[in-house]
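Reviewing the structure listed below.
As the structure is a prediction and not an experimental result, all values here were calculated from the model. In what follows, chains carry the letters A, B, and so on, assigned in the order in which the sequence lines appear, proteins first and then strands, with residues in each chain numbered from 1.
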2 protein chains.
Amino acid sequence: MNGDSVQVHVLRDDHPGRRLFSLLGNRWVCPVILALEGGPRRHSELRMMIGGVSQKMLTQTLRLLEEDGLVARTIIAGPRRRVDYELTPLGVSFGELHAVIYRWAVRHEPELARARAAYAAGARKEAK
Amino acid sequence: MNGDSVQVHVLRDDHPGRRLFSLLGNRWVCPVILALEGGPRRHSELRMMIGGVSQKMLTQTLRLLEEDGLVARTIIAGPRRRVDYELTPLGVSFGELHAVIYRWAVRHEPELARARAAYAAGARKEAK
DNA sequence: CAGTATCCGGCCGGATACTG
DNA sequence: CAGTATCCGGCCGGATACTG
């Protein structure tokens, strides 16, 4: 609630939210989280669910999420080895946060589109 | 609420939230928004408030926010020309969203730290 | 299948010099 | 002051080849 106390911390490079923000900005983090909301998935299943992701980027993203404890990786040994990925409770909570942001985006989409159109149309003329 | 409908859209490259997420991940967007929550500021004031930002990055970030209608740029002509930046109503709303994310980060910080420590300590050994 | 290992072009962001 | 214009190194992410 106190804007000042938030400001002091958030302006620093290592504040608690920094890593979270960069996680949110990551191209594949949100798609992966969403794909996992339906339950545990294997690497190959995820690749098919998420269009356009390369094998390297998918592995990299999964490691990142694993490191932050949002995703758990389980190896099931046997004649046909398999590897499952699933959301941890923390990952589920993160998914809810994601939904909040997404809803904000959807709600304000018209305003955002209008602003961009105005800017592109040359609102910058008078600024120049 | 319906996870499926969100999923369908968010997996695409051009969904409404995409741009917002990349905005949140931007290194300087949040610091600038926070610095502007105290009222209109000039370029040079912002540079001093936000440690470590270069002149180029500050200008670039302000243009980005201006383009999305989160920040308004006003030129006050006169013998001593000056340029003010301030949050639009949309920008203020965005700041509130930011606070929600920040609070999530603070609340879950202990869990995140624990997960990272466990990962670094070699939770990956058994995975290898 | 679920990765690791390389190569490699493109973009991002910092430093520096210059302008109305 | 509030920028624009360049240069330039480093990292990010895709493509490709190889492995247990």
Rounded to the nearest Å, what distance is computed from the [atom1] atom of residue [X] to the [atom2] atom of nucleotide [N]?
X: A/R47; N: D/dA15; atom1: CZ; atom2: C1'; result: 11 Å
X: B/R27; N: C/dC12; atom1: CZ; atom2: P; result: 16 Å
X: B/I75; N: D/dA2; atom1: CD1; atom2: P; result: 11 Å
X: B/K56; N: D/dC7; atom1: NZ; atom2: C1'; result: 9 Å
X: A/M57; N: C/dG3; atom1: CE; atom2: P; result: 14 Å
X: A/Q60; N: C/dG3; atom1: CD; atom2: P; result: 13 Å
X: B/L58; N: D/dC1; atom1: CG; atom2: P; result: 12 Å
X: B/R63; N: D/dA2; atom1: CZ; atom2: C1'; result: 9 Å

(message) I'd like to know if B/E66 pairs up with B/R63 as an ion pair, taking the criterion as any Lys NZ or Arg NE/NH1/NH2 lying under 4.0 Å from an Asp or Glu carboxylate oxygen.
(response)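 So B/E66 pairs with B/R63 through a salt bridge.
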
Query raised in the report: Would A/D68 and B/R116 pass as an ion pair if we require N to O under 4.0 Å?
Result: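 Looking at A/D68 and B/R116, the cut-off is met.
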
Whichever of B/L62 and A/S54 has the more 5' nearest nucleotide on DNA chain D, that residue is B/L62

Do the side chains of A/D84 and A/R42 get nearer than 4.5 Å, heavy atoms only? yes

Under 4.0 Å between any heavy atoms, over every strand shown, what does B/Q55 touch: base, sugar-phosphate, or nothing? Just pick one.
->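 Touches a base.
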
Quiz item: Is A/R80 touching bases, backbone alone, or none of the nucleic acid, heavy atoms closer than 4.0 Å?
Solution: nothing

Checking N1-N3 plus N6-O4 or O6-N4 for Watson-Crick, or N1-O2 and O6-N3 for wobble, each under 3.5 Å, the partner of D/dT19 is C/dA2

Paired to D/dG10 by Watson-Crick or G-U wobble criteria (both distances under 3.5 Å) is C/dC11

Counting just side-chain N and O atoms, does [X] come under 4.0 Å of either OP1 or OP2 of [N]?
X: A/S44; N: C/dA2; answer: yes
X: B/R42; N: D/dA2; answer: yes
X: A/R73; N: C/dA2; answer: no

Exercise. Any chance the rings of A/F94 and B/H108 have centres within less than 6.0 Å?
Worked result: no

### Task
Please answer: with hydrophobic residues joined when any side-chain heavy atoms are less than 4.5 Å apart, are B/V92 and B/L65 in the same cluster?
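Linked, B/V92 and B/L65 end up in one cluster.
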
